[in-house]
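Here the structure comes first, spelled out in structure tokens, and everything after it is commentary.
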Amino acid sequence: MGSGLRLNMNALDYLILALYFVTVLGVGFAARRAIKTSVDFFLSGRSLPAWVTGLAFVSANLGALEIIGMAANGAQYGIMTVHYYWIGAVPAMVFLGIVMMPFYYGSKVRSVPEYLRLRFNRPTHLLNAISFAVAQVLIAGVNLYALALIMQALLGWPLWVAIVIGAVIVLAYITVGGLSGAIYNEVLQFFVIIAGLVPITVIGLVKVGGVSGLMDAVRESKLGEAGLHAWQGTGSTDNPLGAHWLGIVFGLGFVLSFGYWTTNFAEVQRALSARNMSAARRTPIIGAYPKLLIPVVTVIPGLIALITVKGLGADQGDLVYNNAIPLLMRDLLPNGVLGIAVTGLVASFMAGMAANVSGFNTVFTYDIWQAYFRRDRPDGYYVKVGRIATVVAVVVGIGTAFIAAGFSNIMNYIQALFSVFNAPLFGTFIIGMFWRRMSALAGFWSLLSGTVVAIATYLLYKLGVISFNSDLEESFWGAGLAFVTVAVVAAIITPLTRPKTDDELTGLVYGMSDTTLKDDSLAGDAAWYRSPVLLGLVAVVLAALFYIPVF
Amino acid sequence: MADNEDRYQGGEAHDPLVDETEDAREENSAAARLFDIRRVIGGLFVAYGLIVGLMGLFDSSAEIDKAQGLRINLWAGAVMLVFGLLMLLWQKVSPTEAPKTRSDES
């Protein structure tokens with residue numbers, strides 16, 4: 001990115017940004033007094049109401065890469081990008097809330113890897129804990145680098161200034177305020193992100209002559225009619241996304257999205273901090289509602305940029321698809337809303353990085369340090385370990401960001417590679433939850449072999465040994481193959497090995513506990529509008545209805 | 001919750017590490033002292049609404065032209081101000097109290 005993207009920020013725009021930094025730090029310090037035990041630090045003392053955890057749940061996923069990337073996809077692939085939201089997120093979020101949360105929250109596990117330790121064995125646990133911890137730190141670094149690139153292009157800040165400012169603020173509010181600091185800020189960030197994106201969408205739509213003007217213009221663009229349809233043309237791979245409907249439904253809609261949303265601890269952690277079972281189950285479902293609507297402020301601006309920015313879609317330079325949102329900010333926003341939009345981008349970066357860091361410190365402390373190095377210390381000791389782990393994670397993240405600055409393509413690959421870990425993990429979880437007989441050893445070998453298959457598919461594709469139509473198609477197939485491997489290995493090894501006893505499985509598998517716990521419910525939780533099943537079904541039905549106008 | 005028979009009634013997993021931290025939480029948790037985030041969101045958005053809205057009052061025609069003829073600062077400022085005030089109002093109308101669970105009462 002060169003200087004062509006530079007925004008004309010004035011003092012009041014900077015005041016808006018500064019006010020945000022001060023508020024975020026203030027939230028972190030104010031959250032400090034609510035921390036006495038390790039569960040207060042790592043899981044907000046399991047005390048938060050559902051609307052807070054629900055918005056944090058969606059915000060944790062709303063990183064800068066997500067927003068910039070989805071707008072870029074909107075410009076490149078058109079309306080098909082909504083698949084990432086309506087089939088690639090909402091059903092999995094609802095499934096997590098309705099089906100899986102009773103096991104996570106009811107068993108009182110403190111992390112997703114911990115579930116594997118109780119359900120299977122320590123090797124399975126350690127494998128997942130370490131791969132998760134490493135992935136979170138590396139992804140935090142990649143996010144940090146992405147933010148720094150944007151700040152450099154938009155505001156002219158040197159890379160290292162942007163990296164250090166971003167990292168230090170996140171470090172401060174998580175070290176001091178723990179998960180409460182992270183979650184409270186995520187809720188705040190959610191609203192700031194939306195406030196920053198809405199004016200871009202509104203002005204952009206006025207410019208192209210409203211929704212009908214936009215549709216006409218997209219027909220004239222290089223996407224053509226295909227850019228306006230989500231499902232038409234998916235009978236073959238001859239569509240902008242290069243994906244068959246089978247790949248969309250089973251690859252994206254099932255294996256990839258269920259893997260990400262239901263087993264990624266950076267997400268699930270938000271639900272574990274809810275104050276009771278009902279709130280925990282509603283967390284991802286409440287998050288599903290904003291998720292349904294976020295394409296309006298990402299995909300639509302992407303299409304607007306395709307039309308209004310001449311030459312968008314260059315291979316390099318200022319006009320790459322990834323600059324869709326920054327270019328619109330430059331062209332359309334006057335000072336004032338411009339400050340809000342820049343603040344929104346910074347906020348989205350922080351939300352993403354905070355999710356990675358708070359997921360990391362919890363898994364490191366509970367699942368690695370406490371489980372394998374220092375057991376039986378007083379509870380307060382682990383709060384200290386968590387704070388040190390946070391500092392280490394951020395420092396390593398900064399290091400990764402600087403490495404990424406030298407090898408940005410390699411970092412993209414690494415990130416894609418980690419997305420590959422989720423599919424086998426989901427396979428292991430879902431089979432383990434619903435097949436009581438699945439043995440501990442089967443769990444370990446399923447997870448390991450599934451992961452190896454996923455990585456191998458990815459590497460063979462990258463090395464050109466096997467070919468797919470697009471990266472996306474590769475990820476569909478890689479995830480699908482990994483899932484099948486997990487199932488086959490589980491089916492072969494389980495009969496040959498000793499099952500776990502019923503006693504060990506209480507609360508962890510289907511049929512071994514009362515999944516509708518009553519004892520922690522609050523007055524009012526029985527109201528129909530707080531029913532997770534009803535809320536979840538409505539979200540899925542809405543997702544299906546939203547497809548109708550863009551079929 | 002000291003009695004093990006009682007502990008596992010709700011489907012909680014059997015694990016010493018989980019029990020340890022859960023016991024510490026049940027005895028000492030300070031999470032109830034957490035402030036209400038609605039106040040912070042409300043405050044920040046009222047401030048943003050005022051800043052951006054006031055800027056909107058004095059927008060030059062060049063700025064309005066850039067925004068395709070929309071007085072976007074005025075509108076965005078007003079919407080943010082109203083949103084911030086609604087958050088504050090919500091907090092006023094239903095303040096958080098440490099809720100009692102049904103099991104606490106028994």
Side-chain angles (χ1 to χ4, degrees), chain A residues 12 15-16 19-20 23 26-27 30-31 33-40 44-47 49 52 106-110 114 118 180 184 187-188 191 195 199 202-203 206-207 275-276 332-337 340 366 370-371 375 379 503-504 506-508 513-514 517-523, chain B residues 8-35 37 40-41 43-45 47-48 51-56 59-60 62-70 72-73 75-77 79-80 83 87 96 98-103 106:
Chain A
L12 286 168
L15 173 69
I16 289 168
L19 212 53
Y20 169 75
T23 309
V27 167
R33 54 194 290 272
I35 296 172
K36 260 181 90 181
T37 68
S38 68
V39 178
D40 291 343
S44 298
R46 300 192 195 268
S47 68
V52 168
S107 64
K108 292 287 184 241
V109 293
R110 299 161 303 173
E114 186 156 83
L118 302 185
S180 305
Y184 266 16
V187 176
L188 180 68
F191 290 114
V202 170
I203 302 175
V206 170
K207 180 161 183 174
R275 65 184 171 196
N276 63 5
L332 300 177
L333 298 185
N335 292 109
V337 284
I340 301 281
Y366 281 151
Q370 187 188 33
R375 283 183 79 142
D379 190 65
D503 192 42
E504 292 171 303
T506 306
L508 298 169
S513 70
D514 180 9
L517 294 179
K518 285 284 189 286
D519 59 284
D520 68 351
S521 62
L522 301 168
Chain B
Y8 300 123
Q9 286 296 311
E12 214 171 282
H14 301 212
D15 183 72
L17 296 182
V18 173
D19 293 345
E20 216 174 275
T21 50
E22 273 302 299
D23 289 348
R25 175 179 76 90
E26 279 160 15
E27 279 164 30
N28 292 323
S29 174
R33 292 166 62 193
L34 199 54
F35 61 99
I37 188 64
V40 179
I41 298 171
L44 185 70
F45 271 85
Y48 279 178
I51 295 174
V52 174
L54 281 176
M55 289 172 83
D59 268 345
S60 66
E63 273 155 335
I64 294 173
D65 285 349
K66 186 178 185 188
Q68 310 301 313
L70 280 182
I72 190 74
N73 277 336
W75 283 105
V79 171
M80 287 193 289
F83 173 78
M87 271 280 163
T96 31
K100 279 201 177 309
T101 64
R102 288 182 202 172
S103 57
S106 58

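Naming convention: chains lettered A, B, ... in sequence-line order (proteins, then strands); numbering from 1 in each chain.
- Here the closest heavy-atom approach between residue B:Met80 and residue A:Ala195 is recorded as SD-CB, 4.1 Å.
- Remark: the backbone N or O of B:Leu17 is not paired with any side-chain donor or acceptor of A:Tyr366 at under 3.5 angstrom.
- Listed by chain and number, the residues in a side chain to side chain contact (heavy atoms under 4.5 Å, CB included) with A:Ser180 are A:Ala31, A:Ser44, B:Leu34 (sequence neighbours excluded).
- Each of A:Val187, A:Val202, A:Val27 has some count of heavy-atom pairs under 4.5 Å with chain B, and the biggest count is that of A:Val27.
- With a threshold of 4.5 angstrom between heavy atoms, A:Arg110 approaches chain B through side-chain atoms but not through N, CA, C or O.
- Only the backbone of A:Ile35 comes within contact range of chain B, judged by heavy atoms closer than 4.5 Å.
- With a threshold of 4.5 angstrom between heavy atoms, A:Glu114 approaches chain B through side-chain atoms but not through N, CA, C or O.
- Scanning both residues, A:Ser47 and B:Ala31, for their nearest heavy atoms gives OG-CB, 3.4 Å.
- Here B:Thr21 is the residue among B:Thr21, B:Asp65, B:Asn28 with the most heavy-atom pairs under 4.5 Å with chain A.
- Heavy-atom distances place the backbone of A:Leu333, and not its side chain, under 4.5 Å from chain B.
- Listed options B:Asp59, B:Leu54, B:Leu44, B:Ile64 were ranked by heavy-atom pairs under 4.5 angstrom with chain A; first place goes to B:Leu44.
- With a threshold of 4.5 angstrom between heavy atoms, B:Ile72 approaches chain A through its backbone and through its side chain.
- A search for ring pair (Phe, Tyr, Trp, His ring centres under 6.0 Å) contacts involving A:Phe191 returns B:Phe83, not counting sequence neighbours.
- Within a 6.0 Å sphere centred on NZ of A:Lys36, other residues, nucleotides and ligands contribute 12 heavy atoms or fewer.
- Although no hydrogens or angles enter the test, the distance criterion places a donor-acceptor pair under 3.5 Å between the side chain of B:Asn73 and the main chain of A:Val337.
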(message) The test is ring-ring contact (aromatic ring centres under 6.0 Å, His included); show your working for B:Phe35 and A:Tyr184 and say whether it passes.
(response) CA-CA 10 Å; B:Phe35 61 99; A:Tyr184 266 16; 5.1 Å; yes
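- Between A:Arg33 and B:Arg33, the shortest heavy-atom contact is NH1-O, 2.9 Å.
- The CZ atom of B:Phe45 sits 7.0 Å away from the CD1 atom of A:Ile340 when rounded to the nearest 0.5 Å.
- Annotation: maximal heavy-atom pairing with chain B below 4.5 Å, among A:Leu15, A:Val206, A:Leu19, occurs at A:Leu19.
- Between atom OG1 of residue A:Thr37 and atom CD of residue B:Glu26 there is a gap of 10.5 Å, rounded to the nearest 0.5 Å.
- Only the side chain of A:Arg375 comes within less than 4.5 Å of a heavy atom of chain B; its backbone N, CA, C and O stay farther away.
- Side-chain contact between B:Glu20 and A:Asp379 is absent, with no heavy-atom pair separated by less than 4.5 Å.
- Contact check for B:Asp15 versus A:Val109: no side-chain heavy atoms found under the 4.5 Å cut-off.
- Checking side-chain atoms of A:Asp40 against main-chain N and O of B:Ala30 turns up a donor-acceptor pair under 3.5 Å.
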